[in-house]
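In the text below, chain A, chain B and the rest are named by the order of the sequence lines, each starting its count at 1. Everything numeric in this text was worked out from a predicted model, so none of it was measured.
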There are 2 protein chains.
Amino acid sequence: MTVGNTRLDAMVAHLRRQGHRISPQRLEILRELAGSPDHPTAEALHRRLLPRFPAMSLATVYKTITALKQCGEILELQFSDRENRYDAIHPTPHPHCICVECGAVADPPAPDTERFVASLVEASGYAISSHRLDFFGLCPRCRKKHGV
Amino acid sequence: MTVGNTRLDAMVAHLRRQGHRISPQRLEILRELAGSPDHPTAEALHRRLLPRFPAMSLATVYKTITALKQCGEILELQFSDRENRYDAIHPTPHPHCICVECGAVADPPAPDTERFVASLVEASGYAISSHRLDFFGLCPRCRKKHGV
DNA sequence: CTTACTGCAAAAGCTTTGCATCCGT
DNA sequence: ACGGATGCAAAGCTTTTGCAGTAAG
């Protein structure tokens with residue numbers, strides 16, 4: 001059962017390489033991120049770790065996220081009307097599906113993203129370096145509840 | 001010189017139809033939006049209108065934006081680390097280019113957006129109703145400054 | 001040992017809300 | 001006249017920052 005540490009190891013290594021230190025709290029935050037495909041919020045991470053670190057501060061979570069952003073080891077999905085969501089499992093830009101009812105965020109089976117991005121990059125006149133592709137709608141579970 | 005009022009008229013009509021009233025301030029906010037292809041922030045709108053309405057409150061701008069959102073007559077580009085930007089000229093989802101240096105937002109000559117969106121909608125399992133396609137990079141002007 | 005990290009509390013930044021008054025319709 | 005709009009100020013939420021103490025390397 002030593003599989004699945006790849007992402008964790010990569011994050012730890014990259015942080016160390018950048019001069020960051022790995023405290024027990026930070027290690028657990030990274031582990032939680034590496035094992036959370038649900039694109040958690042900072043608060044959700046904090047909540048999940050409180051049992052293990054009853055004194056952990058939410059600021060510590062944010063500071064770790066800041067370090068990861070600086071390393072390009074986490075993707076931040078910004079929202080102005082709710083908490084940001086994070087994806088440290090796939091830190092490079094890719095499409096997301098966001099439920100307008102329950103807020104769930106998922107990685108859809110991405111189709112020909114490459115081609116689409118390439119064509120826009122070419123036509124834009126901008127020197128594109130990154131992108132964000134969000135799709136809003138009802139997730140499968142909320143669809144059932146509404147019979148849609 | 002009566003061209004270009006189409007969007008303004010549509011916004012006014014839609015707001016009226018929803019029971020909203022059109023005050024002089026509100027009319028000017030709508031006019032400013034209809035004539036601003038630069039995706040202004042709420043504060044930018046406020047700033048541009050102050051000469052005409054020295055007592056206008058920023059809250060009034062936000063309240064008008066809220067009414068427009070309710071009517072689907074404005075597109076809101078949310079950000080958590082800077083002010084939201086608004087597009088009332090093209091209120092339906094479409095790609096945007098955002099300059100990571102100066103913050104400029106532009107509508108690129110969109111390519112086959114339809115096909116891309118359709119393919120993702122189909123594969124996602126979500127009942128997609130809307131989307132947001134952002135591309136980040138240097139705008140033409142900032143490219144020159146950096147010789148990129 | 002040096003310097004980054006932690007936890008707490010305060011601050012910051014943008015958007016929303018409450019309220020009295022004003023004004024569209 | 002009725003009920004929405006305005007302006008001001010206060011509140012709200014999420015994220016960031018300052019600081020003294022602690023601990024990683």
Side-chain angles (χ1 to χ4, degrees), chain A residues 11-33 39-47 49-71 74-86 103 105, chain B residues 11-33 39-47 49-71 74-86 103 105:
Chain A
M11 287 190 276
V12 169
H14 202 158
L15 285 173
R16 281 222 162 89
R17 201 183 319 142
Q18 299 289 129
H20 294 289
R21 296 176 184 175
I22 308 298
S23 67
Q25 294 94 324
R26 183 161 285 188
L27 182 60
E28 285 310 303
I29 294 170
L30 300 181
R31 194 193 307 287
E32 192 63 42
L33 278 167
H39 307 73
T41 64
E43 236 230 276
L45 289 168
H46 183 235
R47 193 183 330 114
L49 292 168
L50 270 186
R52 282 175 260 174
F53 293 88
M56 182 185 279
S57 165
L58 180 55
T60 296
V61 176
Y62 275 112
K63 282 167 182 168
T64 296
I65 288 171
T66 299
L68 287 170
K69 283 199 281 184
Q70 182 199 310
C71 293
I74 195 170
L75 199 64
E76 179 179 65
L77 297 181
Q78 299 191 341
F79 299 95
S80 71
D81 62 350
R82 75 194 94 161
E83 296 166 77
N84 292 347
R85 311 280 297 234
Y86 299 92
V105 178
Chain B
M11 288 191 275
V12 170
H14 202 156
L15 284 173
R16 281 223 161 89
R17 202 181 321 140
Q18 299 289 128
H20 294 289
R21 295 175 183 173
I22 308 299
S23 68
Q25 294 95 323
R26 183 161 284 188
L27 181 60
E28 285 311 303
I29 294 171
L30 300 181
R31 194 192 307 286
E32 192 63 42
L33 278 168
H39 308 71
T41 64
E43 238 230 275
L45 289 167
H46 183 235
R47 193 183 331 114
L49 292 167
L50 270 186
R52 281 175 262 176
F53 293 90
M56 183 185 279
S57 165
L58 179 56
T60 296
V61 176
Y62 276 112
K63 282 167 183 166
T64 296
I65 288 171
T66 299
L68 287 170
K69 282 200 280 185
Q70 183 199 311
C71 293
I74 196 170
L75 200 65
E76 179 179 65
L77 297 181
Q78 298 191 343
F79 299 94
S80 72
D81 62 352
R82 75 193 93 162
E83 298 167 76
N84 292 346
R85 311 279 299 231
Y86 298 93
V105 178

Partners meeting side chain to side chain donor-acceptor pair (under 3.5 Å) with A:His20 (sequence neighbours left out) = none

query = Taking only residues two or more places apart in sequence or in another chain, which ones pass side chain to side chain donor-acceptor pair (under 3.5 Å) with A:Arg85?
reply = none

query = With a 4.5 Å heavy-atom cut-off, do A:Leu68 and A:Leu33 have their side chains touching?
reply = yes

message = Which residues pass the salt bridge (charged side-chain N to carboxylate O under 4.0 Å, His left out) test with B:Arg52, not counting sequence neighbours?
response = B:Glu28, B:Glu32

query = For D:dT6, does OP1 or OP2 lie under 4.0 Å from any side-chain N or O of B:Arg26?
reply = yes

key: Between C:dG13 (P) and B:Asn84 (CG): distance, integer Å   = 16 Å

task = Could you walk me through whether A:Gln25 and A:Thr64 pass side chain to side chain contact (heavy atoms under 4.5 Å, CB included), step by step?
result = CA-CA 9 Å; A:Gln25 294 94 324; A:Thr64 296; over 6 Å; no

Nucleotides 20-22 of chain C: which of its N/O atoms have a protein N/O under 3.5 Å away?
none

query = Got B:Met56 and B:His46 here, is their nearest side-chain heavy-atom distance under 4.5 Å?
reply = yes

task = Enter the distance from A:Leu27:CG to A:Arg31:CZ here, rounded to the nearest 0.5 Å.
result = 5.0 Å

inquiry  = Quick one, A:Leu30 and A:Leu15 - any side-chain contact, counting heavy atoms below 4.5 Å?
reply    = yes

message = Just the rounded figure in Å: distance from P of D:dT14 to OH of A:Tyr86.
response = 12 Å

message = Nearest whole Å is fine: how far is C:dT6 P from A:Leu49 CG?
response = 12 Å

key: Length of the CG-C1' vector between B:Leu30 and D:dA5, whole Å   = 13 Å

message = Does C:dG7 have OP1 or OP2 under 4.0 Å away from a side-chain N or O of A:Gln25?
response = yes

Closest non-hydrogen atom pair, A:Cys71 against A:His14 = O-CE1, 2.9 Å

note = When every non-hydrogen atom of A:Phe79 is compared with those of A:Asn84, the smallest separation belongs to N-OD1, 3.0 Å

ask   = Which heavy atom of A:Ile29 sits nearest a heavy atom of A:Val61, and at what distance?
value = CD1-CA, 3.9 Å

ask   = Which whole-number value in Å describes the distance from B:Ile29 CD1 to D:dA5 P?
value = 11 Å

Give me the distances for all protein-to-nucleotides 8-10 of chain C N/O pairs that come in under 3.5 Å?
none

request  = Report the distance from atom CD of B:Gln18 to atom P of D:dG4, rounded to the nearest whole Å.
outcome  = 13 Å

inquiry  = Base contacts versus sugar-phosphate-only contacts with protein, heavy atoms under 4.0 Å: please encode nucleotides 20-25 of chain D as B, S and - from 5' to 3'.
reply    = ---BBS

key: Interatomic distance, B:Leu27 CG vs D:dA5 C1' [rounded to whole Å]   = 14 Å

request  = Find the distance B:Glu83:CD to C:dT16:P and express it as a whole number of Å.
outcome  = 12 Å

